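These values consider heavy atoms only, across backbone and side chains, with no hydrogens, waters or symmetry-generated copies. Since this is a predicted model, take the numbers as computed values, not measurements.
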Amino acid sequence: MSVAPVPPSRPGPLAGAAALWREAVRLVALAGIFTVVCLGVRGLAWLAFGTALPELVVEAPVAAALTRLHRVWRRAEGRRRALVAAAVELGPDFRAIVGSFAAASRESLDIRANTEAFLDAVAEALAPVHQLVVVRRDGVLEALGARSVPDVQAHLRRGPTPEEVTIPLKVGDRFVGRLLLGPRSDGREYTEADLGLLDSLGQSLALSLRNAELFQELAGQERLRRELEIACDVQMGLLPKGVPDVPGASLAAHCVPAQEVGGDLYDFVQIDATRWGVLVGDVAGKGVPAALMMAVTLTLFRAIAPGIPSPASTLGRLNKLVHRNRPSNKTFVAAAYYIYDARDGSIVVANAGHPPPLVDGQPVPVKGLPLGINPKTVYKEVRFTLAPGSSLVVYSDGLEDVENPAGESLGHRRVANLFARLASRRADQAVTELQGALATFSGAALPSDDQTVAVLRRDPRPAAAPVSPGQAAVAPGTAGPAEPAPSAPGDPAGPAS
């Protein structure tokens, strides 16, 4: 980076004596010319006319001509001195220096390079004994650039000396840094024009420093955004890629994090040939910490669930592992886990601080402490049979926290009524219609919490084929198979073995 060339500086201390000497030489030269001209004219007149000219006939015109010449000489010298004086008062071409540095600094976001170019401009224009550009970052003084300062840290600890000039570097009301200048190397004082130059250069440098900081902040935010996008992709990759094919039932699940990453989770596990487990969990908090704990919980669940046919036992073991691996005492995980048996539609469910599962909009009365709080917690189970055509829904509390434009939450009652209306839909249709209902309720508002839902619907019984009067449905002396009456989800059967 370069700046405009600087015109010659103020004359040295002998400039006044030299001017007086030139004036004396000029007067002696004029006296010599006067004498030579007068003697020459009188000599020519004597030779031509043989007589001497009267007094002042020669001297007066010569004196008048030389006087006029002297005046012209003095006016020219005066104009020259005025130009020199103006150049001395104005100093270097400040406008060119400021414009050149401002243009160059706008093209570069390198803080160090711009600071060095600034010091070069100040040195070329004013030639200070030393220079120091200081900024404050995180409450600590830091030197961005220094010239002829032997010990920068000692200088910063000592602070500005009385002979130094301090120029604040500001962008509007925002303090960016400070310039410390030592005395000028030629011994002259800093003029108002010098301080104006420093102020203009300082504003350009401050703006350059601020732009570079903003660029670094934006670059950091963009890098964080890309990292969060990658983390979101990784987290979504941890969730099941699809749903298992459960005979006689449809299964669907959906998860929407409130931020790029979240703490909600769901998973499916096959216990044996006829039983499948479904887990829905919610890590306390949001963002990256919750997402990390979500990944830990999901990994632990997948390690232990396949070998345990009891939801209560699975949550008990998972509770101990979460307590052992949680990053802080404030970390816990709410979860609900059930196992569905495709042979008869029976379900065994356990709950660890999660909203109660709903059967056709009715809550299943089972409770428990969230995972990770007390490693000695013993969880209970509820067993019931899901009637054909009925749906079991497990959801995270993010659904209840959805707000409409008026700030009113959806709440547990509305969620239960919504799932009661969706009970007749296939599982995937219910999830799709749920998303539409939530969008209609919330409008353009962004979710304030992670939202996860898992829906299991038992297929309805096929309609019975009509029997003709001449056909017997049951052979004489035998009884047909009795249809087991489904138990209501509100009738707990105690812990399942």
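Of the possible polar contacts, one joining the Asp450 side chain to the Gly263 backbone as a donor-acceptor pair under 3.5 Å is found. Without hydrogens or angle criteria, Asn351 side chain to His354 main chain gives a donor-acceptor distance under 3.5 Å.
Of the inter-residue distances, the one linking Arg426 atom CZ with Arg457 atom CZ reads 8.0 Å to the nearest 0.5 angstrom. For the atom pair CG of Leu456 and OH of Tyr338, the computed distance is 4.0 Å after rounding to the nearest 0.5 Å. If you take CG on Leu300 and CG on Asn319, they are separated by 11.5 Å, rounding to the nearest 0.5 Å. Between the OG1 atom of Thr274 and the CH2 atom of Trp276 there is a distance of 6.5 Å, given to the nearest 0.5 Å. Interatomic distance, CG of Asp401 versus OG of Ser442, reported as 12.5 Å (0.5 Å rounding). The NE2 atom of His412 sits 6.0 Å away from the CG atom of Leu358 when rounded to the nearest 0.5 Å.
Between Gln451 and His254, the side chains place no donor N or O within less than 3.5 Å of an acceptor N or O (distance only, hydrogens not considered). Looking at Ser396 and Asp282, their side chains never bring a donor and an acceptor atom within 3.5 Å of each other.
Residues passing the salt bridge (Lys or Arg N to Asp or Glu O under 4.0 Å) test with Asp151: none are found, sequence neighbours excluded. In this structure Ala437 satisfies the side-chain contact (heavy atoms from CB on, under 4.5 Å) test together with Leu418, sequence neighbours excluded. By the side-chain contact (heavy atoms from CB on, under 4.5 Å) test, Asp245 is found to be paired with no residue, residues two or more places apart in sequence or in another chain being considered. For Arg421, the side chain to side chain donor-acceptor pair (under 3.5 Å) criterion is met by no residue, not counting sequence neighbours. With sequence neighbours excluded, the residues satisfying side-chain contact (heavy atoms from CB on, under 4.5 Å) with Thr166 are Pro160, Arg178, Leu180.
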Quiz: residues 363-379 side-chain donor-acceptor pairs under 3.5 angstrom, not counting sequence neighbours:
| residue | atom | partner | partner atom | Å |
| --- | --- | --- | --- | --- |
| Asn374 | OD1 | Lys376 | N | 3.1 |
| Thr377 | OG1 | Asn374 | O | 2.9 |
| Tyr379 | OH | Leu369 | O | 2.7 |

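Between Ser391 and Leu422 the shortest side-chain heavy-atom distance does not fall below 4.5 Å. Residues Phe301 and Thr314 meet the side-chain proximity criterion, which asks for heavy atoms closer than 4.5 Å. Between Pro309 and Arg275 there is a side-chain heavy-atom pair separated by less than 4.5 Å. With contacts defined as side-chain heavy-atom distances shorter than 4.5 Å, the pair Thr385/Arg458 qualifies. A heavy-atom distance below 4.5 Å is found between the side chains of Leu321 and Arg324. Taking 4.5 Å as the limit, some side-chain heavy atom of Pro240 sits within range of a side-chain heavy atom of Asp267. In this structure, the side chains of Met294 and Leu239 come closer than 4.5 Å at one or more pairs of heavy atoms. The closest side-chain heavy-atom distance from Pro128 to Val122 is below 4.5 Å.
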Checking Thr452 against Leu265 for the side chain to side chain contact (heavy atoms under 4.5 Å, CB included) test, could you report, in this order, the C-alpha distance in whole Å, the side-chain angles of both residues, the deciding distance, and whether it holds? CA-CA 7 Å; Thr452 302; Leu265 60 98; over 6 Å; no
Evaluate Phe268 against Val243 for side chain to side chain contact (heavy atoms under 4.5 Å, CB included), listing each step before the verdict. CA-CA 7 Å; Phe268 312 112; Val243 295; 3.7 Å; yes
Evaluate Val359 against Phe384 for side chain to side chain contact (heavy atoms under 4.5 Å, CB included), listing each step before the verdict. CA-CA 10 Å; Val359 175; Phe384 61 93; 3.8 Å; yes
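Using a 4.0 Å cut-off between a side-chain N of Lys or Arg and a carboxylate O of Asp or Glu, Arg147 and Asp120 qualify as a salt bridge.
Closest approach of Arg414 and Ser409 over heavy atoms only: NH1-O, 3.1 Å. Residues Val402 and Phe441 approach most closely at O-CE2, 3.5 Å, considering heavy atoms. Nearest heavy atom pair, residue Tyr266 against residue Leu298, reads O-CD1, 3.9 Å. Counting all heavy atoms, side chain and backbone alike, Ala290 lies closest to Ala284 at CB-O, 4.2 Å. What you find for Met293 and Pro327 is that their closest heavy atoms are SD-CD, 3.7 Å. Residues Gln131 and Val149 approach most closely at O-CG2, 3.5 Å, considering heavy atoms.
For the side chain to side chain contact (heavy atoms under 4.5 Å, CB included) test with Tyr337, the passing option among Leu279, Val349, Leu318, Val394 is Leu279; the others fail.
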